[in-house]
Amino acid sequence: MKNVLVTGGAGFIGSNFIRYFLRVHADVRIVNFDKLTYAGNLENLRDIEGDPRHVFVRGDICARADLEAAFREYTIDTVVHFAAESHVDRSILGAGIFMTTNVLGTQMLLEVAKERGVERFIHVSTDEVYGSLGPEGKFTEATSLHPNSPYAASKASSDLIALAYRHTFGLPVIVTRCSNNYGPYQFPEKLIPLMIANALDDKPLPVYGEGLNVRDWLYVDDHCSAIDAVLLRGEVGAVYNIGGNNEWRNIDVVHLLLKHLAKPESLIRYVKDRPGHDQRYAIDATKISRDLGWRPAHRFEEGIKETVAWYLDHQPWCRRVMTGEYQHYYKEQYEGR
Ligand code: NAD
Ligand code: DAU
């Protein structure tokens, strides 16, 4: 592994992954291939700008010519595929781009990787492909797929296409399915950064329904170390669940954030629920810990404290990503809700 194509490397998890990967591997070149949608931001990588092991290529995974040029120019031997439309609420407002990017874009990337030949193709997916849990049980790799939102359905489709490329063409694909991530550089449309950003501005915190839905939170660096373990030691053709055994009700997360920000609970507003809102996610990560020796390194209370501190220190970053398109989206998503 020398020339690693990281798609979506200017987004939240992709940018954290590039930073992590350069920290733990000396002899690599990362080609960060990103379209720079509203969610992609080169500012997320400013601290590694001078690192000669990182090259940025602006391109679209749906565009064969963009992909072929990058594979050829940088003799790519490994792919870590993050690029996607990633926000459930946006997939409810408009599902089309989710199908284009997540389904067709992934198929185009697989096709070019197949033609060029690669040693490893990591398809980064999500626990949302499994659907929703009741109060008991956890998702294992054997749980059947039951995606509920357009986002989740597009990711489930891309998982199956990736595995079909393994089965039919022998492309060395591995699929990972992780639970909810949090940490630095997360776009403030997702629960944790949105609540932090609003609370800092003393704006209402829109909690969907009664705030009783449960998510299983993992610090983004732990997701990155899991992908690294899968890349180095994972079995080709396998699926690996990734999670930290850390379930929280949304309302309890919001209370915790308010405590760290020293802001009043009167900011909380219960608003109309997300249509088709999955009740509970919980990951059984036995396989990756048993077979690859992976363990999360961050406790939630510490990770949240660090995340709040990061957003406090990076308010100019927040302000910049919350202008323009974000304002339009926020109005459409929350006004009159
Ligand atoms: P993000 O929205 O922050 O970043 C997505 C990145 O993909 C952006 O940089 C964007 O510019 C890029 N992109 C979008 N369309 C593209 C295209 N057509 N061509 C090239 N680049 C394109 O997303 P994220 O939260 O960092 O998630 C990354 C991946 O991890 C996604 O595949 C997502 O499904 C998966 N995932 C996310 C979570 C989570 O909690 N955020 C959990 C599990 C899995
Ligand atoms: O589980 C992994 C998935 O986690 C990833 O695949 C997705 O890319 C990622 O966006 C995330 O999906 P969720 O829908 O779980 O994340 P989100 O941050 O949007 O919402 C978390 C919970 O908080 C969910 O129950 C909805 C609720 N919520 C969210 C927002 C944005 C609110 O109550 N209010 C809000 O304003």
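Just so you know, these numbers come straight off a predicted model, no measurement behind them. Just follow the structure's listing: the first ligand is 1, and inside any ligand the first atom is 1.
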**Q** To the nearest 0.1 Å, how far is atom 27 (O) of ligand 1 from its closest protein heavy atom, and which atom is that?
**A**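 Here the nearest protein heavy atom works out to Ile13 CD1, 3.8 Å.
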**Q** At what distance is the nearest protein heavy atom to atom 36 (O) of ligand 2, and which residue and atom is it?
**A** Tyr334 OH, 2.7 Å
**Q** Tell me which protein heavy atom sits closest to atom 40 (O) of ligand 1, plus the residue, atom name and distance to 0.1 Å.
**A**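 So the nearest neighbour among protein heavy atoms is Asn181 N, 2.9 Å.
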**Q** Can you find an N/O atom of Asn213 closer than 3.5 Å to an N/O atom of ligand 2?
**A** no
**Q** Is the closest heavy atom of Phe187 to ligand 1 under 4.0 Å?
**A** no
**Q** With nothing but distance in play, are any N or O atoms of Pro206 less than 3.5 Å from an N or O of ligand 2?
**A**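 Yes, since at least one N or O of Pro206 sits under 3.5 Å from an N or O of ligand 2.
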**Q** Of all the heavy atoms in Gly9, does at least one lie under 4.0 Å from an atom in ligand 1?
**A**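 The answer is no, since Gly9 has no heavy atom less than 4.0 Å from ligand 1.
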**Q** Pull out every atom of ligand 2 sitting under 4.0 Å from any heavy atom of His87, numbered as shown with elements.
**A**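 Going through ligand 2 atom by atom, the ones under 4.0 Å from His87 are 19 (O).
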**Q** Considering only non-hydrogen protein atoms, determine which one is nearest to atom 28 (C) of ligand 1 and report residue, atom name and distance to 0.1 Å.
**A**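 Looking at atom 28 (C) of ligand 1, the protein heavy atom closest to it is Phe82 O, 3.5 Å.
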**Q** If you count the atoms of ligand 1 from 1 in the order shown, which ones are under 4.0 Å from a heavy atom of Val124?
**A**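 In order of numbering, the contacting atoms are 30 (O), 32 (O).
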**Q** Can you figure out which of Gly183, Ser179, Ser86, Ala84 has its heavy atom closest to atom 5 (C) of ligand 1?
**A** Ala84
**Q** Which pairs with one or both residues in residues 192-209 pass salt bridge (charged side-chain N to carboxylate O under 4.0 Å, His left out), sequence neighbours excluded?
**A** Asp201-Arg319, Asp202-Lys263
**Q** Determine whether the side chain, the backbone, both or neither of Lys155 has a heavy atom under 4.0 Å from any heavy atom of ligand 1.
**A**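 It is the side chain that touches ligand 1; the backbone stays farther off.
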**Q** For ligand 1, note which part of Asp127 has a heavy atom under 4.0 Å away: side chain, backbone, both or neither.
**A**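 None of Asp127 does.
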**Q** Do Ile76 and Val31 come within less than 4.5 Å of each other through their side chains, counting heavy atoms only?
**A** yes
**Q** Ignoring angles and geometry beyond distance, decide whether Asp89 reaches within less than 3.5 Å of ligand 2 through its nitrogen or oxygen atoms.
**A** no
**Q** Looking only at heavy atoms of Glu189, does any of them come nearer than 4.0 Å to an atom of ligand 2?
**A** yes
**Q** Can you check which of Asn102, Ile61, Val129, Leu191 brings a heavy atom nearest to atom 19 (N) of ligand 1?
**A** Ile61
**Q** Starting from atom 12 (O) of ligand 2, locate the nearest protein heavy atom and write down its residue, its atom name and how far away it is, to 0.1 Å.
**A**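 Its nearest protein heavy-atom neighbour is Glu128 OE2, 2.7 Å.
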**Q** With heavy atoms of His277 as the reference, note each atom of ligand 2 found under 4.0 Å away.
**A**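 Atoms satisfying the 4.0 Å criterion: 24 (C), 25 (O), 26 (C).
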**Q** Using a 4.0 Å heavy-atom cut-off, say whether Tyr281 meets ligand 1 through its side chain, its backbone, both or neither.
**A**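 No part of Tyr281 is near ligand 1 at this cut-off.
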**Q** At a 4.0 Å cut-off, with the gap strictly under it, does some heavy atom of Tyr185 reach an atom of ligand 1?
**A** no
**Q** May I ask you to say whether Arg90 pairs ionically with Glu189, meaning some side-chain N is under 4.0 Å from a carboxylate O?
**A** yes
**Q** Identify the protein heavy atom lying closest to atom 18 (N) of ligand 1, giving its residue, its atom name and the separation to 0.1 Å.
**A**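 Answer for atom 18 (N) of ligand 1: Asp60 OD1, 2.9 Å.
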**Q** Tell me which protein heavy atom sits closest to atom 4 (O) of ligand 1, plus the residue, atom name and distance to 0.1 Å.
**A**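 It is Gly11 CA, 3.5 Å.
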**Q** What do we get for Leu191 next to ligand 2 when only non-hydrogen atoms under 4.0 Å count, side chain, backbone, both or neither?
**A**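 Both backbone and side chain.
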**Q** Quick one: which of Leu312, Ile304, Ile196 gives a side chain to side chain contact (heavy atoms under 4.5 Å, CB included) with His260?
**A**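 Answer to the side chain to side chain contact (heavy atoms under 4.5 Å, CB included) test with His260 among Leu312, Ile304, Ile196: Ile304.
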**Q** Does only the side chain of Asp34 get under 4.0 Å from ligand 1, or the backbone, or both, or neither? Count heavy atoms.
**A** both
**Q** Kindly indicate, with the supporting measurements, whether the criterion side-chain hydrogen bond (donor to acceptor under 3.5 Å, both in side chains) is fulfilled by Tyr208 and Asp89.
**A** CA-CA 11 Å; Tyr208 298 165; Asp89 288 324; 2.7 Å; yes
**Q** Assigning hydrophobic clusters by single linkage (Ile, Leu, Val, Met, Phe, Trp, Tyr; side-chain heavy-atom cutoff under 4.5 Å), is Ile30 placed with Phe71?
**A**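 Cluster IDs for Ile30 and Phe71 differ.
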**Q** For ligand 1, is Gly105 a contact, meaning one of its heavy atoms is under 4.0 Å away?
**A**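 Outside the 4.0 Å threshold, so no.
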**Q** Which ligand 2 atoms are under 4.0 Å away from a heavy-atom of Asp127?
**A**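 Atoms satisfying the 4.0 Å criterion: 1 (O), 2 (C).
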**Q** Write out the residue and atom name of the closest protein heavy atom to atom 21 (N) of ligand 1, then the distance separating them to 0.1 Å.
**A** Lys35 N, 3.1 Å
**Q** Would you say Cys62 and ligand 1 have an N/O pair spaced under 3.5 Å apart?
**A**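 No; the residue has no nitrogen or oxygen that sits under 3.5 Å from a nitrogen or oxygen of the ligand.
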**Q** Which one of Tyr330, Phe187, Tyr326 satisfies the ring-ring contact (aromatic ring centres under 6.0 Å, His included) criterion with Tyr38?
**A** Phe187
**Q** Can you confirm whether Leu109 sits close enough to Leu67 that some side-chain heavy atom of one is under 4.5 Å from a side-chain heavy atom of the other?
**A** yes
**Q** Could you tell me how the ring of Tyr311 sits relative to the ring of Trp317: parallel (under 30°), tilted (30 to 60°) or perpendicular (over 60°)?
**A**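 Perpendicular.
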**Q** Which of the atoms in ligand 1, numbered in the order shown and given with their element, are less than 4.0 Å from a heavy-atom of Asn180?
**A**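 What qualifies from ligand 1 is 40 (O).
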**Q** Looking at ligand 1, does any of its N/O atoms fall within less than 3.5 Å of an N/O of Phe12?
**A** yes
**Q** Could you give all pairs that pass the salt bridge (charged side-chain N to carboxylate O under 4.0 Å, His left out) test and reach residues 298-312, with sequence neighbours left out?
**A**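 Applying salt bridge (charged side-chain N to carboxylate O under 4.0 Å, His left out) to every pair that reaches into residues 298-312, excluding sequence neighbours, yields Arg299-Glu301, Glu302-Lys305.
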**Q** Please state which protein non-hydrogen atom is closest to atom 33 (C) of ligand 1 and give its distance, to 0.1 Å?
**A** Tyr151 OH, 3.5 Å
**Q** With atoms numbered from 1 as shown, which atoms in ligand 1 lie under 4.0 angstrom from a non-hydrogen atom of Ser125?
**A**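 Those qualifying, in numeric order: 43 (C), 44 (C).
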**Q** Check whether any N or O atom of Tyr151, backbone or side chain, sits under 3.5 Å from an N or O atom of ligand 2, and answer yes or no.
**A**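 Among all N and O atoms of Tyr151, at least one is under 3.5 Å from an N or O of ligand 2.
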**Q** Touching ligand 1 at all, Ala63? Heavy atoms, strictly under 4.0 Å?
**A** no
**Q** I need the atoms of ligand 2 closer than 4.0 Å to a non-hydrogen atom of Val88, numbered in the order shown.
**A** 14 (O)
**Q** Is there at least one pair of N or O atoms, one from Cys178 and one from ligand 1, spaced under 3.5 Å apart?
**A** no
**Q** With respect to atom 19 (O) of ligand 2, which of Arg274, Arg249, Arg90 exhibits the smallest heavy-atom separation?
**A** Arg274
**Q** Nearest protein heavy atom to atom 10 (C) of ligand 1, by residue and atom, and its distance?
**A**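 Looking only at protein heavy atoms, the one closest to atom 10 (C) of ligand 1 is Thr37 OG1, 3.3 Å.
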**Q** Could you work out, for atom 16 (O) of ligand 2, the closest of Ile13, Val124, Asn180 by heavy-atom distance?
**A**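 That would be Asn180.
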